[in-house]
Amino acid sequence: MSQNDAMAAAAAAPADRAVTPVRRMLWVLLAVYILNFLDRQIVNILAEPIARDLSLSDADIGLLTGLAFALFYTFLGIPIARYADKPSTNRIGLISVSLAIWSGMTVLCGMAQNFTQLLLARIGVGVGEAGCTPAAHSLITDRVEPAKRASAIAFYGLGIPIGSLLGLIVGGLIADEWGWRVAFMVVGVPGILLALVLPMMIKEVRHKAPTDAPAPAEEFSVGGALKEVFGTRAFVYIAIAASFTAFLGYGKGVWALILFQRSHGLSPGETGLLLGVALGIAGIFGTWLGGYLADRFGRVDRRHMLTTPAVGMAIAAPILFLGYWVDEWHIAIALLFIPTVLNAAYYGPTFACVHGLVRPQARAMASAVMLFLQNLIGLGLGPLLFGIASEMLKPSVGVESVRYVLYGAAWLGLIPAFFFWRASLRLNAELKSG
């Protein structure tokens, strides 16, 4: 099967007459998620010029790029997910309002005059983005049959590398030419415009349960939904693996960019363009590959839905170390390409498994719990702790402190590899059929 065929399969619906609406829904949700990560990640490439302009420390950068966003994003995600799971909720409207909020707050980031104002604007971005992915995952899982679900979720997940790529390229080039404030404003406006027309592009359609399914009146309380989500050993292992993946991914995402500026001497625009294109393409291919392999080999043995992230992350660790170690930036970027492919392959398999471990009434909650853990531990603590570690190492290794932090991060990738493998052993027993 070619990559184009796989993409088409990802957007296919159970019935032929539903192909066009489902494909349209997936493409629109992909556009929303691209803007989600564009607005979230642009601060990474702008961190160095912001730090110089506002006189920030490495720890301040870690707080600004991670915890400030993550706290409100994660804690608001749970109640918003419960709202999204309610049969009466219009998930399209929820996503549209969320998109307008985070895009508007991104524009305000460019107007900030000091660290506190920028911190509050980043918190606002997190508040808005909390309403996006749980509702989007619920929509996708509701409309796509289980055999194609990992590919469909991976297709939506392409928004992560595409949005991050655009954030690095657009943010870096605009920052070089007009400054970091203009960069924030330019990327925020498209989301405001899309939010206005989103309800006219796709419609809310709730999946109708079969006659032998539990009665619709059975609606989980928050406690009941959490009990459902944490009711399997596989979910716990996946949650640990995905949280470590996010911790390392967000930490490396910020500080690898800073490494190429501090240690390799590239400008923000050069870093964004070179690293953004190379690692963006790697992330896009890896995200697609993970979903495709999970659907293909998961049909043979459901344990293989998680084989790619388990094996891939183990292989990635030593190559990633070499990429941070070499002094020639051309070679460094080439070495980082393969680990980025392998590390990105977890997204589709992870969320497809998570949704398969719970009943439909708890799917948005399952996504919210995963995002809570990934973003609080990953986005909240990853950049921050990497920054603190860099500050601690500066007295002994100077400007190379970031490089030494990344050495450790490379080998820590073996931890999620182990837990994805442990989770895979439980899938045949614990995955539900629908």
Show, in sequence, the C-alpha distance, side-chain angles and deciding distance for Thr232 and Arg426, and conclude whether the side chain to side chain donor-acceptor pair (under 3.5 Å) test is met.
CA-CA 9 Å; Thr232 65; Arg426 311 284 306 184; over 6 Å; no
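Residue pairs that meet the side-chain hydrogen bond (donor to acceptor under 3.5 Å, both in side chains) test with at least one member in residues 244-259, sequence neighbours left out, are Arg40-Tyr250. Residue pairs meeting the side-chain hydrogen bond (donor to acceptor under 3.5 Å, both in side chains) criterion with at least one partner in residues 165-180, sequence neighbours excluded, are Asp53-Trp180, Asp176-Ser267.
Among all heavy-atom pairs drawn from Ser424 and Arg303, the shortest one is O-CG, 3.0 Å. Shown here for Ala241 and Pro416, the closest heavy-atom pair between the two residues is O-CB, 3.4 Å. Across every non-hydrogen atom of His264 and Ala332, the tightest pair is NE2-CB, 4.4 Å. Contact detail for Met111 and Arg181: the closest heavy-atom pair is C-NH1, 4.0 Å. Considering every non-hydrogen atom in both Glu430 and Leu357, the closest pair reads O-CD2, 3.5 Å.
Glu400 and Arg262 are not joined by a salt bridge, as no carboxylate oxygen comes within less than 4.0 angstrom of a charged side-chain nitrogen. Between Arg149 and Asp295, none of the side-chain N atoms (NZ, or NE/NH1/NH2) sits under 4.0 Å from a carboxylate O, so this pair counts as no salt bridge.
In terms of the side-chain hydrogen bond (donor to acceptor under 3.5 Å, both in side chains) criterion, residue partners of Tyr156 (sequence neighbours excluded) are, by chain and number, Thr133.
Here the side chains of Phe260 and Ile333 are in contact, with some heavy-atom distance below 4.5 Å. Within the 4.5 Å cutoff, the side chain of Phe285 has no heavy atoms near those of the Leu158 side chain.
Annotation: Phe244 is not in aromatic contact with Phe419 [ring centroid separation under 6.0 Å not met]. In this structure, the ring of Trp288 has its center less than 6.0 angstrom from the ring center of Tyr292. Aromatic pair Phe155/Trp27: ring centres closer than 6.0 Å.
Between His355 and His137, the ring planes lie perpendicular to each other; the angle is over 60°, past the 30° to 60° tilted range.
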